[in-house]
Amino acid sequence: MYTQKKLQSALDALITERSRVQSEGWYLQDCWLVQVKPGGTARTNHLYWQIRSRRAIFNGKKLKHLKQNEVDDYRAAIARGRQRFTESAQ
């Protein structure tokens, strides 16, 4: 009987944690933002943004080109992912 109560309390804690995570919004782990100069024969010095990942999570690719107005959203998602990682490591 003791183990059933212990499992039920652990399940309730997980359900609470899950709802809290869902309310904060989406997050990204193992990702970072970079600014890249065009290479090759490009005739501009305009920098553009990319998000990179250690895993292929962007439609089977490890990087995604971002528009300027998307950068802040992805930066916030990365920050939430880092916060999530540090909380789960404790």
Side-chain angles (χ1 to χ4, degrees):
M1 201 64 178
Y2 174 73
T3 57
Q4 183 180 4
K5 289 180 183 179
K6 189 174 179 179
L7 288 173
Q8 185 62 42
S9 65
L11 179 63
D12 293 339
L14 286 173
I15 290 171
T16 304
E17 178 69 14
R18 179 179 173 202
S19 64
R20 186 178 68 82
V21 167
Q22 288 176 342
S23 68
E24 288 180 1
W26 60 289
Y27 63 92
L28 293 170
Q29 291 181 328
D30 296 329
C31 293
W32 62 96
L33 287 170
V34 293
Q35 268 191 311
V36 183
K37 285 190 344 186
T41 59
R43 298 179 185 196
T44 181
N45 289 327
H46 179 72
L47 298 175
Y48 60 94
W49 287 96
Q50 289 179 345
I51 184 163
R52 295 183 179 234
S53 174
R54 288 187 176 90
R55 295 175 282 135
I57 59 174
F58 305 111
N59 292 330
K61 301 188 187 235
K62 292 185 176 184
L63 72 91
K64 179 179 179 181
H65 297 274
L66 299 178
K67 296 178 182 174
Q68 185 64 39
N69 59 355
E70 296 175 325
V71 173
D72 290 332
D73 295 336
Y74 279 89
R75 187 174 284 140
I78 290 170
R80 284 191 294 268
R82 287 184 180 149
Q83 178 185 5
R84 182 75 42 234
F85 178 74
T86 57
E87 287 177 1
S88 64
Q90 294 175 353

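All figures in this text were calculated on a predicted structure; none of them were measured in a lab.
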Gap between atom CG of Leu28 and atom CZ of Arg82 - 0.5 Å precision = 10.5 Å

Nearest heavy-atom neighbours spanning His65 and Glu70 | O-OE1, 4.4 Å

If you measure from NE2 on His46 to NZ on Lys37, what distance do you get to the nearest 0.5 Å?
-> 13.0 Å

Measure the shortest side-chain to side-chain distance between Ile57 and Asp30 over non-hydrogen atoms and say whether it is less than 4.5 angstrom.
-> no

With a 4.5 Å limit on heavy-atom distance, are the side chains of Val34 and Leu63 in contact?
-> no

Can you name the nearest heavy-atom pair linking Gln50 to Arg52, along with the distance?
-> OE1-NH2, 2.6 Å

Looking just at side-chain N and O atoms, do Lys64 and Tyr74 make a donor-acceptor pair shorter than 3.5 Å?
-> yes

Arg54 versus Trp32: any side-chain heavy-atom pair under 4.5 Å?
-> yes

Can you name the residues that form a side-chain hydrogen bond (donor to acceptor under 3.5 Å, both in side chains) with Lys62, not counting sequence neighbours?
-> none

Approximate separation, where rounding is to 0.5 Å, of Leu11 CG and Gln4 CD | 11.5 Å

Indicate the atoms forming the closest heavy-atom contact of Arg55 with Gln29, along with that distance.
-> NH2-O, 3.6 Å

Between Arg80 and Trp26, is there a donor-acceptor pair closer than 3.5 Å when you use the side chain of the first and the backbone of the second?
-> yes

Can you find a heavy atom in the side chain of Leu33 that is under 4.5 Å from one in the side chain of Ile78?
-> yes

Answer whether the closest heavy-atom distance between the side chains of Trp49 and Gln68 falls below 4.5 Å.
-> yes

Nearest heavy-atom approach of Phe58 to Ser53 is CE1-CB, 3.8 Å

If you count the non-hydrogen atoms of other residues, nucleotides and ligands that lie under 6.0 Å from CG in Asn45, is the total more than 12?
-> no

